[in-house]
Amino acid sequence: MSASQTGAEVRLIGIGKRYGKVTAVKPLDLTIEGGTLVTLLGPSGCGKTTLLRMIAGLEQPTEGRLLIGDEDMTLLSAGERNVSMVFQSYALFPHMSVLDNVAYGLVSSGLRRRDAQEKAEAALETVGLKGFGARLPSELSGGQQQRVAVARALVLQPRVLLFDEPLSNLDARLRRSMREEIRALQQRLGLTVVYVTHDQSEALAVSDRIVVMRNAEIAQAGTPEELYAQPESVFVATFMGEANHLRGTIERVENGMASVALDALRFALPARGLPPGPVDVVARPEAIRLAAEGAEGMAGRITRATYMGSHAEYVVSTPLGELFVIAPRQRTLLPKGSAVAVMLDVEGVVIVRP
Amino acid sequence: MRRTSSLLPWLLAALGTLVVPWHMQQDGVTLSGVFALGREDAEAASALWQAAAHGRFWFWPVVAALALALPAALPQGRSARQARVLAVAGGLGLLAIVLQGLAIGVQGWSWPWLADTFGELNDRQFGIGLGGTLAMLGFLFLLTDGLARRGLFKGDRFVSGAVGLLAGSIIVFTAWPVLTMLSQMFTPRESLSWSGALLDRVMDRKIWGLACTTANVNCGVFWNTLMLATASATAATALGLSFALIATRTGFKAKKALRLLTVLPIITPPFVIGLGLILIFGRSGVVNQLADSIFGVQLGRWIYGFGGVWLAQVFSFTPTAFLVLIGVVEGISPSMEEASTTLRASRMRTFRAVTLPLMLPGLANAWLVVFVESLADFGNPIVLGGSFGVLSTEIFFAVVGAQQDFGRAAALAGVMLMVALVAFILQRKVVGRRSYVSMTGKGDVGLHVALPDGVRRAAFAVALPWAFLTIVVYLMALAGAFVKVWGRDWTPTLEHFRRAFALEWTVDGALIFAGGAWHSLWTTISLAAIAAPITAALGLLAAWVLARQTFRGRTTLEFALMLTFAVPGTVIGVAYILTYNIPPLEITGTAVILVACFVFRNLPVGVRSGVAAMSQLDKSLDEAAVTLRASTFRTLRTVVLPLLKPAIVTALVYAFVRAMTTVSAVIFLVSAEYEMATVFIINRVINGDYGLAIAYCAVLIVLMMAAIGLIQLLVGRRRLGRRSAAGATPAGAHT
């Protein structure tokens with residue numbers, strides 16, 4: 001397969017899906033640039049898989065249009081879209097050899113069996129499974145099956161490659177290495193990839209852009225950094241990682257900077273267009289600093305302390321409520337009950353519309 | 001990108017309309033008769049030629065629809081307009097065919113108002129044949145293609161075509177005949193108007209009479225049927241539950257033999273039990289003779305009537321209830337019972353408070369299944385009923401008897417249909433509420449709790465004597481084939497077999513099938529063999545469409561399909577003769593009507609085994625194939641079918657076997673040329689020629705046991721991912 005090939009752009013225009021009275025996906029617009037990996041992230045039932053399946057052609061949208069490249073694909077069936085999909089269960093055909101599985105799409109497309117098998121061998125090599133062609137899928141490990149599924153999708157040189165929670169059946173260690181492989185492959189081949197997952201760390205690790213979905217609509221879309229550092233809602237903030245949700249007040253806004261009151265604390269934070277008044281404040285656990293009692297900051301008391309090896313986790317009771325704190329590189333664990341001073345690092349604090 | 005055209009269905013429609021003879025040919029279509037342009041005889045000509053050369057103007061709309069479809073069917077582009085034209089042309093073509101077929105029959109206009117409007121038509125036409133059938137299929141697929149291209153059915157032309165085919169066949173082979181039959185209830189008779197005739201027929205005292213409550217006479221057949229079905233269902237369910245509990249919850253040694261019971265109703269021709277009972281309890285039966293010779297008591301002919309039919313039905317349907325209830329008992333998650341015992345409940349309390357309530361919907365379902373079977377049963381009441389009439393036999397006598405009163409048959413069938421539909425709706429409600437018992441995908445690793453002693457003893461006390469009786473009945477039934485005249489002359493003989501299946505050789509060594517049964521046996525086997533693959537294919541296709549596709553109207557199609565299964569065989573039989581006696585579909589007396597009857601009566605077999613098998617197949621397998629650019633048909637062929645092999649075999653063999661043993665609908669449809677084994681047997685029974693009938697049954701049973709053995713061999717037993725009490729089997733690896 002050619003390394004220079006670049007995946008096509010995918011445009012969803014007002015696309016939506018209803019099952020009777022139940023709305024699976026509210027009409028939404030989304031553009032996925034060619035050659036990028038975009039993750040659809042969200043809790044189960046948020047509509048992300050339905051959206052993916054509509055791109056694949058496995059579900060028919062009840063409204064809106066779907067463009068791949070410049071072609072309108074809305075009414076085409078899955079096989080006519082030049083789109084491939086890697087399934088959560090891999091969906092390898094149990095009665096066919098690995099090679100026949102990979103060659104299946106090529107034979108369907110009208111290639112002669114011998115040519116198809118040659119190409120399939122090459123694809124198996126790409127995913128590091130040279131020489132496994134004669135085996136049955138049941139004779140492979142989970143990770144190897146996953147690679148076969150990827151090879152089977154890749155060998156068709158699809159304009160868009162879709163992944164439906166591809167790593168959820170693997171153990172934690174394998175999951176990490178597989179996601180790196182997928183990312184490397186995507187970048188090497190310049191593929192357009194749409195990737196569904198409910199695991200935020202997976203999404204952060206592989207994506208060019210992340211689309212966070214909630215209740216059948218897009219909650220926020222952006223780069224991993226944007227979503228983590230500048231969430232637009234408490235939901236996105238808490239979904240993208242651990243976060244303390246606090247309530248504060250914007251006292252005034254000057255030059256795009258808001259001065260925010262959190263109990264006795266005062267901060268200058270980017271205003272993000274919010275007017276003075278009550279506001280939600282999101283503070284990452286690693287942005288909360290604990291110091292010895294009497295230092296600058298709020299008074300607090302540790303109510304739970306957990307040693308995690310690389311870091312320590314605390315729950316601290318403060319005038320703002322219970323705060324979840326991650327303290328990196330701490331050699332000794334602060335004992336439960338100790339009094340501490342709590343300070344917030346503005347780098348990890350952001351205000352969102354209440 | 002594949003750009004496929006709709007040329008194929010168009011060519012099909014064109015072939016049917018332009019080239020092939022439109023009407024059914026007297027002696028079948030010969031090779032030379034296939035090309036039907038330029039025929040002198042209008043009846044042997046194609047639709048186009050009939051219109052052009054024989055002045056049959058009513059074919060012009062069909063030809064016009066064909067012409068309209070051509071540009072849209074050509075392989076170029078796929079504009080939305082083309083799709084619409086295709087759908088419209090296909091629909092118009094179908095409409096034109098149906099209208100002309102219905103409007104013009106063997107005596108010109110079919111309805112008087114057409115003659116009043118357009119004047120007398122000095123022409124006529126017979127039923128449609130090869131050309132008409134091809135044209136209908138072609139136009140149907142043009143229509144479904146057009147709809148698929150407009151984005152229905154996810155743009156999938158194969159699914160669209162499959163749904164069209166299924167819907168079309170349900171309409172032609174179930175809805176239309178049943179409606180035709182129901183409309184017969186309204187046919188005016190003698191001095192009565194249609195409403196009077198209807199009231200007279202439906203409100204007949206012979207149906208609804210309640211005289212039996214006050215005097216010693218028979219009640220109306222409705223009450224007879226209802227009473228019989230209720231009694232049979234209750235007894236069979238109780239027995240079935242006993243057997244199911246013994247088979248699944250006790251250490252009973254002969255469990256395998258018990259399971260054999262489940263295949264009995266499938267391989268038994270419907271009157272073997274009745275014959276067995278006659279040979280035991282009949283006037284010259286074993287019991288009566290013994291009673292007479294030992295005690296000098298005349299037991300009389302009590303077996304002919306309610307008691308006998310009830311006994312026979314309980315024998316016949318207990319295995320069915322057993323089969324349903326095995327699934328119910330096994331389906332209860334053992335962890336529920338384990339939870340109950342860990343919560344300090346005794347075994348009895350666990351059984352009463354957990355097991356039984358969980359089984360209740362299943363019990364209700366089994367009861368309704370037997371109720372419907374009893375309602376539709378024809379074989380037992382005809383053999384044992386005597387003067388005790390039920391709906392199915394009354395329908396039969398209304399049609400074949402001296403009265404030939406189709407209106408009355410239709411009214412009775414209408415009543416029967418209503419009862420069946422009520423039972424069907426109740427059953428759907430019961431089964432719908434059953435979801436909490438159904439098995440989850442998770443491996444359930446518990447062990448069922450042993451039965452409380454009291455329940456166990458009761459189950460054994462009921463089931464074992466009954467099993468023994470069943471064996472005796474079957475043995476008696478078979479023994480009857482080997483004695484000269486039961487009850488009078490006990491000399492062992494093979495005479496009955498000789499009469500049925502004698503082979504002779506002519507002087508020059510050619511084989512002659514001299515026995516009287518050969519003809520019907522060959523007919524039965526060959527028609528069953530033709531019907532079986534069609535049944536299996538259509539059934540699996542329906543199962544696949546219903547289980548794997550989502551489209552608007554799916555639930556409607558499913559409901560319609562299930563509804564057709566609820567129509568009793570006798571009703572179908574009457575409906576078929578009433579509908580297919582006259583054009584446009586004149587297939588009475590041909591093999592086509594028998595095959596159609598087998599296919600649509602046995603379709604549930606294919607659908608159920610397909611649905612069951614498909615629910616165990618990961619749906620993403622088909623989706624994977626589809627995204628890998630396999631056409632839907634290729635997906636079906638290369639992925640779904642290979643993985644469904646066991647279901648295919650099951651469907652094929654059961655469809656074959658059931659086609660051979662059915663009698664209720666077929667008895668109306670046979671002709672001298674196409675006589676079925678079951679009908680042949682029943683005619684012998686009616687003539688009192690039990691020996692030959694039983695000999696024939698024995699041969700059928702052996703044939704079908706061979707078929708069942710074949711399935712067991714090919715398919716193997718179903719495995720549940722559960723530990724057995726004997727030794728743990730490793731749970732299936734889940735990836």
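Residue numbers start from 1 in every chain, and the chains themselves are labelled A, B, ... in the order their sequence lines are given, proteins ahead of strands. Excluded from the calculations below are hydrogen atoms, water molecules and symmetry mates; all remaining heavy atoms, backbone and side chain alike, are included.
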Please indicate whether [X] has more than 12 foreign heavy atoms, meaning atoms of other residues, nucleotides or ligands, lying under 6.0 Å from its [atom1].
| X | atom1 | result |
| --- | --- | --- |
| Arg179(A) | CZ | yes |
| Arg113(A) | CZ | no |
| Arg176(A) | CZ | no |
| Asp171(A) | CG | yes |
| Glu63(A) | CD | yes |
| Leu641(B) | CG | yes |
| Arg634(B) | CZ | yes |

Nearest-0.5 Å distance, [atom1] of residue [X] to [atom2] of residue [Y]:
| X | Y | atom1 | atom2 | answer |
| --- | --- | --- | --- | --- |
| Arg150(B) | Leu75(A) | CZ | CG | 9.5 Å |
| Leu621(B) | Tyr90(A) | CG | OH | 13.5 Å |
| Tyr104(A) | Thr635(B) | OH | OG1 | 4.5 Å |

Apply side chain to side chain contact (heavy atoms under 4.5 Å, CB included) to the pair Val639(B) and Met96(A), showing each step before the final yes or no.
CA-CA 9 Å; Val639(B) 177; Met96(A) 295 181 197; 4.3 Å; yes
Quick check on Leu92(A) against chain B: is it the side chain, the backbone, both or neither that has a heavy atom closer than 4.5 Å?
backbone
Measure Val86(A) against the heavy atoms of chain B and call it side chain, backbone, both or neither at under 4.5 Å.
neither
Carefully, step by step, assess Thr627(B) and Phe87(A) under the rule side chain to side chain contact (heavy atoms under 4.5 Å, CB included).
CA-CA 10 Å; Thr627(B) 58; Phe87(A) 289 81; 4.0 Å; yes
With only heavy atoms counted, which part of [X] is less than 4.5 Å from chain A, the side chain, the backbone, both or neither?
| X | value |
| --- | --- |
| Ala625(B) | both |
| Arg552(B) | neither |
| Thr632(B) | neither |
| Leu643(B) | side chain |

Taking Arg152(A) for its side chain and Ala624(B) for its backbone only, find out whether a donor-acceptor pair lies under 3.5 Å.
no
Using side chain to side chain contact (heavy atoms under 4.5 Å, CB included), reason through Leu628(B) and Met85(A) one step at a time and then give a plain yes or no.
CA-CA 8 Å; Leu628(B) 291 169; Met85(A) 180 149 163; over 6 Å; no
Residue among Ala56(A), Ser84(A), Pro94(A) with most heavy-atom pairs under 4.5 Å to chain B:
Pro94(A)
Assert top hit (heavy-atom pairs under 4.5 Å, partner chain A, pool Asp618(B), Asp156(B), Leu152(B), Thr638(B)) equals Thr638(B)
Could you pull out the closest heavy-atom pair between Pro158(A) and Arg629(B), with the gap in Å?
CA-NH2, 4.1 Å
